[in-house]
K.L.:
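One structure is given below, represented as structure tokens, and several questions about it will come after.
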Amino acid sequence: MAAAVTPETTPNNRTRLYTIGAIVLIVLLIVLYSWYKGNRDAALLQSLQSKDQATRVAAAKTILDNERFVDLILAQPPDVRDAAIVAAEDYANQAGDEADRQVVGALLGLSKGVDREINDPEQKIKDREKAVRTNAWKAIGRIGDVAEPQLLEALKDPSGNVRGAAVEALGVVGAPAVPELVEMLKEPDTRGPAGDALTKIGRPALEPVRPLIHTEGDKKRIRELRLKMASMLGSFDDQTVTPDLLRHIDDTDPGMRRQVIRTLAGLQDQQATMDLIRVMKEDPQVRLDAITALGETRDPRAVDPLVDQFDNYNYDVPANAITALSKIGPPALPRLLKEAKNPNPQIRTYATRGLATIGGPMTVQPLLVAANDPVPTVRAEAVKGMAKFTGPDAVRAVPLLITSFRDPDPEVVSGAESSLAAMGTNPANAEVSAQIVRPLIALYERGSLPQDVYNNRVYHAERVLSQLGEPAIPHLVAAARNGSPNVRKWAVLTLGDMRKDRSQVTVPENVALLRTLAKTGSPEVRWAATDALNRLGVAV
């Protein structure tokens, strides 16, 4: 019997075995290293959350020294991130300036990491809470002057999150950062974030910044800087800058003039009143902004010039003037009361709107009178203004408003409807609600009216009644039971369209009435009752 032959181990076979063994060893080392690294990271993260400060500081130092802060911490839940920020700040407080700079870089990196978190769909990180980033920049700011160079550099970073964190942190650093920020403000590339940081710093930045609005030189080159300053000076909320702004209210650049006036509006400084009145009259390009600014001053000296704008051909001008006058308030009433009798219908219309906008006891009688003006626009403004009436004033207005439902002008009718609804649903007008209901239901009777006039009147009456709710429901039910066919039809439709207190409509006795009407009576009443039941969600 022949002996078995054992194949020889050739050089190629040995090489293959060595290669496989090496690969296995490398994989094993990688697995072991990953296991070790994972356990070490877990231990470090646990230490960062320790109540013992020394333990927290040691963990923070280890992570920072290994330059792994962002990658490790960004992947953690918010509570771990917050703990890491606290530990890093503790480390900075105990170590020297170099450690401070290291911590600042790491925390800025944490802000930059948010870009990756937002933009990279492969990231598993779900937390984007603002609170964590806020805690990071607050910690940077508390580190103080040492952080300033890195923060100034961070203002140039392409990441909006980093720039935003730097702006907020510089606001905490405060006055020491102002000189460098002022220089950065002069450069187009850093003007925006530098301005934001100076605004955060607040009053300490005002005096260094103020002169920049007066920068001289090539107009094209300095235009954006001066515009920025005209806007930025208002952010300090300090009326001492008003004279600086007024020096540029007549600037040759319309954009600069407008920005100056808008900033003055925010300052609400009566020092600017007379200049604003002048440019409002002289310069159509800034007129609307000047009118707005005059309203913000609340200065009675602006009343007459604003009312004088009522005859302007541009609709926006008198409309904005009324808004400004409403902010000035009662001091504007004497002139408006006078102009409410002006022979010019346009001036009378805007004066009436002004009275309605300001309101108060002095305006009640003039508005009641204006509701009978021969000009429809005046009547419309008057009836719309009665929406604010309460108590006896509202009681006096009700008959006039109901009569206005017969007005040939649709704006007057619509205004009467909105005012009656407003008065009837105002809790202060309980007695008015009762007085509104019956006259409105009476409008459901057609009489000898043409069909189109009747339909229009009934439509608006129904809209008011459907908004009143409880005060109207018993009267509508009575009308549905005992009224003429037209009254029944519209009373039933109104019950189905009730917007308030619908549960009171669907009580058993009311549902029974509607079901009876859906089977008896005229065809229109049957249709109305069926429609009402359907809209109320009740079976016919």
Side-chain angles (χ1 to χ4, degrees), residues 41 44-50 53-120 123 125-174 176-177 180-181 184 190 193-194 196-198 200-201:
D41 288 349
L44 288 170
L45 291 170
Q46 190 67 35
S47 297
L48 285 175
Q49 302 170 74
S50 172
Q53 187 181 62
T55 303
R56 293 199 305 270
V57 168
K61 181 179 186 305
T62 300
I63 297 173
L64 287 162
D65 285 345
N66 287 287
E67 298 181 346
R68 296 175 50 247
F69 188 85
V70 174
D71 286 336
L72 180 60
I73 302 306
L74 190 64
Q76 306 309 315
D79 57 336
V80 179
R81 287 208 244 181
D82 279 333
I85 291 167
V86 171
E89 187 177 3
D90 286 345
Y91 172 51
N93 290 336
Q94 291 188 15
D97 288 352
E98 186 58 40
D100 289 344
R101 286 187 284 271
Q102 192 179 24
V103 170
V104 170
L107 295 181
L108 285 171
L110 192 61
S111 297
K112 181 177 286 190
V114 176
D115 290 336
R116 183 182 68 190
E117 176 182 314
I118 292 171
N119 298 323
D120 185 354
Q123 289 294 315
I125 303 160
K126 297 179 180 179
D127 165 56
R128 300 189 184 100
E129 281 86 346
K130 182 180 177 181
V132 176
R133 296 195 290 279
T134 298
N135 291 340
W137 64 251
K138 284 182 177 178
I140 296 172
R142 286 191 293 267
I143 289 172
D145 299 2
V146 177
E148 183 187 326
Q150 286 165 280
L151 292 173
L152 294 173
E153 189 62 30
L155 291 180
K156 307 171 188 177
D157 197 283
S159 165
N161 286 307
V162 175
R163 292 195 304 274
V167 164
E168 300 288 354
L170 284 164
V172 179
V173 172
E180 288 288 344
L181 286 169
M184 295 178 75
T190 52
D196 293 341
L198 287 162
K200 291 286 182 185
I201 291 170

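Keep in mind that the numbers below use all heavy atoms, side chains included, and drop hydrogens, waters and symmetry copies. Model, not experiment: these values are computed from the prediction. For reference, positions follow the sequence shown, starting with 1.
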K.L.:
Of the options V86, T55, D82, V80, which is the one that meets Q49 in a side chain to side chain contact (heavy atoms under 4.5 Å, CB included)?
P.N.:
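By the side chain to side chain contact (heavy atoms under 4.5 Å, CB included) criterion, Q49 pairs with just one of V86, T55, D82, V80: V80.
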K.L.:
Table please: side-chain donor-acceptor pairs of residues 137-148 below 3.5 Å, with sequence neighbours left out.
P.N.:
from : atom 1 : to  : atom 2 : distance (Å)
R142 : NE     : E89 : OE2    : 2.8
R142 : NH2    : E89 : OE1    : 3.0

K.L.:
Check A154 against R163 and note the closest heavy-atom contact, atom names and distance.
P.N.:
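Answer, listing the atom of A154 first, then R163: O-CG, 3.6 Å.
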K.L.:
Supply the atom-to-atom distance E180 CD to L198 CG, rounded to the nearest 0.5 angstrom.
P.N.:
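E180 atom CD to L198 atom CG measures 11.5 Å (nearest 0.5 Å).
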K.L.:
To the nearest 0.5 Å, how far apart are CD in Q150 and CG in L155?
P.N.:
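It is 12.5 Å, given to the nearest 0.5 Å.
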K.L.:
Could you walk me through whether L170 and L152 pass side chain to side chain contact (heavy atoms under 4.5 Å, CB included), step by step?
P.N.:
CA-CA 8 Å; L170 284 164; L152 294 173; 4.3 Å; yes
K.L.:
If you take all heavy atoms of I85 and L107, which pair is closest and at what distance?
P.N.:
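Closest approach of I85 to L107: CG1-CD2, 4.0 Å.
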K.L.:
With I201, which of V167, D196, L181 fulfils side chain to side chain contact (heavy atoms under 4.5 Å, CB included)?
P.N.:
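Exactly one candidate clears the test, L181.
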